[in-house]
Every structure is written in structure tokens, then in C-alpha cells.
Asks: 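Sharing a structure with you now.
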Amino acid sequence: QVCAQLCRRPCYCPWVPPRCPRGSPLVLDGCGCCKICARRLGEPCDFLHVCDQSQGLVCDYSAAPAGTGATCNFEDVEEGCEVNGRVYRDGEVFQPSCKLQCRCLDGGFTCVPLCQEDVRLPTPDCPYPRRVEVPGKCCPEWICEARDQHLLRDAGAASLPLPYPCQEWGTEWSACSATCGVGFSTRVSNQNRYCRLETQRRLCMARPCPALPAASPVVS
């Protein structure tokens with residue numbers, strides 16, 4: 001009866017099919033007549049405007065009596081998440097990019113980085129480490145820059161502003177090297193004019209040293 005009321009025969013469809021948003025494929029409407037954009041998770045639906053069955057979605061009428069209308073939901077009432085126009089099932093692991101691995105859980109998703117965020121400090125065999133993007137590889141890699149190149153980059157950086165905003169990063173200051181009196185503490189930071197990681201030092205004093213006892217008289 002619903003089909004007889006809503007579906008017109010013969011079919012009259014537009015010559016040009018609609019342009020669908022990303023992640024929404026072209027499918028036949030509920031009458032099996034014209035091509036329409038499939039509805040995605042959480043979008044309104046009805047007999048004509050069908051849900052994306054390739055994602056396991058059906059038109060859920062459970063909330064329709066409350067006046068909110070039917071929406072697309074998973075057939076087994078299983079929660080999922082939508083990322084970049086694609087729907088993932090609860091518990092599904094996916095990679096939105098080569099640098100991230102994510103998991104859909106309870107309607108949301110959590111991600112962990114696949115590239116190591118390690119910090120390489122200067123060493124005698126590599127005094128000027130630098131992290132660069134390598135063509136054909138996803139994660140940046142550390143390289144050891146020659147001293148001549150390092151000085152040349154310093155000279156260029158002194159006269160030109162940085163072509164990108166510097167995202168400041170730094171470790172906490174270490175404990176003072178002396179338990180009393182003047183010592184020094186260190187940290188690794190990029191808060192400098194070149195936005196480059198370097199070891200920084202500063203003077204510190206935990207507490208004054210106690211006064212030395214008076215020297216006893218010398219006996220000849």
C-alpha cells in the first residue's frame with residue numbers, strides 16, 4: 001500500500017544524477033525508480049530516502065512516534081563512528097592517515113600515532129641532528145647535518161624570518177647540579193630564534209652553603 005501511494009509509474013527521473021557528498025554513494029530510491037544519495041549514519045530517512053546498506057545502515061523508526069522522525073542507524077543497534085564521511089563499526093580499527101591508527105569505540109574513536117615522537121640530542125658523532133620529511137616515506141626521519149650546512153642555515157635564518165609558525169616545545173628544567181651554592185640546571189627546548197632543539201643551561205641555587213668552621217691556630 002505504501003509503495004502504491006508513494007511510487008509513481010512510470011518513473012520520471014532527472015537526466016543528471018545528483019552529486020553526493022563524500023561517503024554517500026548513489027543508490028536506487030525506495031521505489032526502485034531513480035538514483036539518489038544514500039543517507040548516512042544519523043541522517044533522516046523514510047521509505048523513499050533509503051540508508052546506505054553497504055555500511056550496514058537501516059531506517060530506524062523506533063524514535064518516530066516521539067515526533068523526531070526516522071534516522072539511519074545500524075541494523076543491530078550497534079554504535080559506530082563516522083570519520084571523513086566513512087562509517088566504522090564499533091570496535092573496528094582503521095587508519096585515517098599513514099601517521100595515525102584509530103579505533104571506533106562507543107560512538108567515538110581514539111587514535112595513537114604510528115610515527116615515533118622521539119627527540120635526538122646532539123652527540124659527538126652527530127652534533128647537528130635535524131628531523132626532515134623523506135620523499136616516499138610517511139614518518140619524518142633524523143639526519144646528521146654537516147657543520148658547513150649547519151652554519152649556512154644559521155646565516156640564512158639570521159636574515160630571514162621562519163616560513164612557518166614555531167610550535168614551542170621543551171622539557172622541564174633538571175634538578176640543580178649542586179645541593180648547595182651556585183650550580184646549573186639544563187633542559188632541551190626549541191624556544192630560540194631558529195626554532196631548533198638545543199640544550200639550554202641556567203644558573204641555580206638550591207640553598208646557600210653553610211659557613212665553614214673557623215680555622216684553628218697553626219702550631220709551629
Asks: So with a 6.0 Å cut-off around CD of Gln53, is the heavy-atom count from everything else above 12?
Replies: no
Asks: Compare the SG-SG distance of Cys59 and Cys72 against 2.5 Å and report whether it is shorter.
Replies: no
Asks: Return the CZ to CG distance between Phe94 and Leu100, rounded to the nearest 0.5 Å.
Replies: 9.5 Å
Asks: Using the disulfide (SG to SG under 2.5 Å) rule, take Cys20 and Cys37 through it: C-alpha gap first, then chi angles, then the decisive distance, then the call.
Replies: CA-CA 6 Å; Cys20 300; Cys37 299; 2.1 Å; yes
Asks: Atom SG of Cys11 and atom CG of Asp29: how far apart are they, to the nearest 0.5 Å?
Replies: 7.0 Å
Asks: Please round to the nearest 0.5 Å and tell me the distance separating atom CG of Asp52 and atom SG of Cys45.
Replies: 12.0 Å
Asks: Does Pro44 offer a backbone N or O that forms a donor-acceptor pair with the side chain of Arg39 under 3.5 Å?
Replies: yes
Asks: Would you give the length of the straight line joining atom OG of Ser24 to atom CZ of Arg19, rounded to the nearest 0.5 angstrom?
Replies: 13.5 Å
Asks: Please report the shortest heavy-atom distance between Tyr12 and Cys34, naming the atom on each side.
Replies: O-SG, 3.8 Å
Asks: Might you point out which heavy atoms bring Pro122 and Pro127 nearest each other, and give the distance in Å?
Replies: CB-O, 3.4 Å
Asks: Just how far is it from atom CZ of Arg40 to atom OG1 of Thr71, taken to the nearest 0.5 Å?
Replies: 14.0 Å
Asks: How close do Val27 and Val50 get, counting heavy atoms only, and between which atoms?
Replies: CG2-CG2, 3.7 Å
Asks: For the CZ atom on Arg201, are there more than 12 heavy atoms of other groups (residues, nucleotides or ligands in this structure) within a distance under 6.0 Å?
Replies: no
Asks: Distance check, rounded to the nearest 0.5 Å: Glu43 atom CD versus His49 atom NE2?
Replies: 11.5 Å
Asks: Do other residues, nucleotides or ligands put more than 12 heavy atoms under 6.0 Å from the CZ atom of Arg103?
Replies: no
Asks: On a heavy-atom basis, which atom in Glu133 and which in Pro135 lie closest, and how many Å separate them?
Replies: O-CD, 3.8 Å
Asks: Please report the shortest heavy-atom distance between Cys115 and Lys99, naming the atom on each side.
Replies: SG-CG, 3.7 Å
Asks: SG of Cys126 to SG of Cys144, below 2.5 Å?
Replies: yes
Asks: Is there a side chain to side chain contact (heavy atoms under 4.5 Å, CB included) between Asn73 and Leu41? Walk through the geometry before answering.
Replies: CA-CA 6 Å; Asn73 203 350; Leu41 181 66; 4.1 Å; yes
Asks: On a heavy-atom basis, which atom in Trp173 and which in Arg187 lie closest, and how many Å separate them?
Replies: CZ2-NE, 3.3 Å
